[in-house]
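Shown next, in structure tokens, is the structure this report addresses.
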Number of protein chains: 2
Amino acid sequence: MNVMNASPRRKELTRLAAQLFVQEGFDRTTVRMLAQEMGIKSGSLFHHFRDKQEILAAVIEEGTENALVIAREALDRCDSSASARLHAMARAHLETLLTDRNAHVVALYEWRRLDPEARAHLSHLRDAYEALWEEVIDEALAEGLVHGDRFLVSRFVMGALNWTVRWYDPKGPRTPTSWPMSWSP
Amino acid sequence: MNVMNASPRRKELTRLAAQLFVQEGFDRTTVRMLAQEMGIKSGSLFHHFRDKQEILAAVIEEGTENALVIAREALDRCDSSASARLHAMARAHLETLLTDRNAHVVALYEWRRLDPEARAHLSHLRDAYEALWEEVIDEALAEGLVHGDRFLVSRFVMGALNWTVRWYDPKGPRTPTSWPMSWSP
DNA sequence: GGGTCAACCAAGCAAGCGCTAGTGTAAATG
DNA sequence: CATTTACACTAGCGCTTGCTTGGTTGACCC
């Protein structure tokens with residue numbers, strides 16, 4: 001088995017899996033569906049991944065790693081005012097949400113399907129990303145750019161940004177989706 | 001079968017189902033698990049609901065109907081300034097999110113599992129609720145209370161509010177949950 | 001040209017799934 | 001008293017699931 005490496009083949013399979021997981025949801029996506037989409041037989045899948053769970057973990061890991069890279073680059077590139085850094089961070093966030101849309105939607109909707117070990121590992125990645133956000137928000141608070149409770153501000157900002165995956169459709173203004181364009185509670 | 005009525009027994013079963021759907025997700029929740037939680041055998045479940053899908057629809061319907069009632073009451077009770085109405089609406093929204101938490105989390109995560117007929121029916125309920133929001137936001141824009149694109153403003157407000165179900169835990173400040181307290185994309 | 005190795009396949013197993021059929025029974029209804 | 005209704009039961013059918021097994025292929029290497 002290829003379990004631990006990051007072969008190009010595995011990367012591609014992961015990308016395809018992400019797409020299917022978004023379309024059908026993790027539980028509804030069978031290993032046979034995944035295999036067919038990948039052009040192989042279902043048994044062959046387990047040459048690349050230990051089990052179905054590992055495919056899910058690979059999808060989320062990939063997405064979160066890319067988010068970290070993009071955010072760091074954006075922060076390096078912009079000037080050091082709190083406003084510019086906040087702007088850069090928000091923009092990087094939305095950029096990631098779009099380019100790795102599938103992976104992030106999966107992370108959002110299927111996180112609970114991860115087993116404890118995978119969850120622990122991916123939590124570290126996530127925490128690293130959140131640390132960037134908290135840093136930037138602290139600066140914004142210190143400069144008086146925004147006001148309010150540090151905790152609440154960051155939750156609300158992240159909420160508003162992340163929620164975009166539910167209603168923003170890059171394919172066009174009003175393509176029918178399988179979830180409601182918006183949601184009322 | 002009791003399919004169409006709203007017997008008190010069915011209401012209670014629906015409440016229990018909502019809890020299980022939140023804990024396990026719709027697909028992972030088997031009719032046998034539901035039956036056990038309800039203290040009956042799996043076959044007996046189909047006396048109350050036509051099929052598993054109908055249980056899901058019942059959960060979401062219940063939650064959305066309650067949201068509508070609460071929001072309307074709140075709007076009736078407050079005075080007519082745009083600020084007061086916006087405040088009342090936001091408060092009612094969060095109140096619903098808390099009291100019918102399970103139902104709303106299910107609606108948020110499992111909407112896609114609904115079959116087309118159920119989805120169409122529930123969309124109407126949802127639209128009725130959203131109409132209240134749009135009305136209030138329009139008033140706020142007209143009075144200059146908030147600025148910006150009407151569409152974007154309502155999405156961002158709803159996003160920030162709805163996102164609370166992901167990090168706010170009514171049981172206490174830091175109880176471990178099965179999803180990340182917050183999320184980084 | 002024999003050996004290596006990732007990649008793949010055909011076949012199938014054990015477990016679990018939603019749901020149905022048919023029956024029993026106590027309370028409500030005529 | 002006779003009949004219907006609401007609710008529960010047992011038993012199991014037909015099918016799908018994730019995953020395993022044992023073997024084949026073809027490109028590359030010394």
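In this structure, S44(A) contributes its side chain and I40(A) its backbone to no donor-acceptor pair below 3.5 Å. A distance-only check finds a donor-acceptor pair linking the side chain of E54(B) to the backbone of R50(B) [under 3.5 Å]. Using modelled atom types, one side-chain atom of R166(B) and one backbone atom of L108(A) make a donor-acceptor pair closer than 3.5 Å. D100(A) contributes no side-chain N or O that, together with a main-chain N or O of T96(A), makes up a donor-acceptor pair within less than 3.5 Å.
For Q36(A) and dC9(C), the CD to C1' distance is 15 Å, given to the nearest whole Å. If you take NE2 of H48(B) and C1' of dC9(D), they are 12 Å apart, rounded to a whole angstrom. dA10(C) atom C1' lies 14 Å from atom CD1 of I40(A), rounded to whole Å. Between R50(A) atom CZ and dT20(D) atom P there is a gap of 11 Å when expressed in whole angstrom units. A straight line from CG of L13(B) to P of dA6(D) spans 15 Å, rounded to a whole angstrom. To the nearest angstrom, C1' of dT21(D) lies 15 Å from NE2 of H47(A). Between the CD atom of E24(A) and the P atom of dT17(D) there is a distance of 11 Å, given to the nearest Å.
Dashed line: the shortest gap from a side-chain N or O of S44(B) to OP1 or OP2 of dC9(D) is under 4.0 Å. The side chain of R10(A) places no N or O atom within less than 4.0 Å of a non-bridging phosphate oxygen (OP1 or OP2) of dA7(C).
Around CZ of R91(B), the count of heavy atoms belonging to other residues, nucleotides or ligands within 6.0 Å does not exceed 12. For E134(A), the CD atom sits in a packed shell: over 12 heavy atoms of surrounding residues, nucleotides or ligands are nearer than 6.0 Å.
For the residue pair H93(B) and Y129(B), a side-chain donor N or O sits within less than 3.5 Å of a side-chain acceptor on the partner.
For the pair K52(B) and F46(B), the NZ or CZ position fails the cation-pi test of under 6.0 Å to the six-membered ring centre and within 45 degrees of the ring normal.
Checked against dC19(C), dT10(D), dC8(C), the side chain of K41(B) finds its nearest nucleotide in dT10(D).
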Collect all protein-nucleotide pairs involving nucleotides 16-18 of chain C in which both atoms are nitrogen or oxygen and the distance is under 3.5 Å.
{"residue": "dG18(C)", "atom": "OP1", "partner": "K52(B)", "partner atom": "NZ", "Å": "3.0"}
{"residue": "dG18(C)", "atom": "OP2", "partner": "V31(B)", "partner atom": "N", "Å": "3.0"}
{"residue": "dG18(C)", "atom": "N7", "partner": "R32(B)", "partner atom": "NH2", "Å": "2.9"}
{"residue": "dG18(C)", "atom": "O6", "partner": "R32(B)", "partner atom": "NH2", "Å": "3.3"}

Distances under 3.5 Å between nitrogen or oxygen atoms of protein and nucleotides 24-26 of chain C:
none

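Rounded to 10 degrees, the angle separating the terminal helix axes of the helix from dG1(C)-dC30(D) to dG30(C)-dC1(D), each built from five base pairs, is 20°.
Salt bridge annotation for R112(A)-E24(B): absent, with no cationic side-chain nitrogen under 4.0 angstrom from a carboxylate oxygen. A salt bridge between E62(B) and R15(B) is absent, with no side-chain N of the basic residue lying under 4.0 Å from a carboxylate O of the acidic one.
The hydrophobic clustering, which links ILVMFWY residues whose side-chain heavy atoms are closer than 4.5 Å, places V106(A) and W111(B) together.
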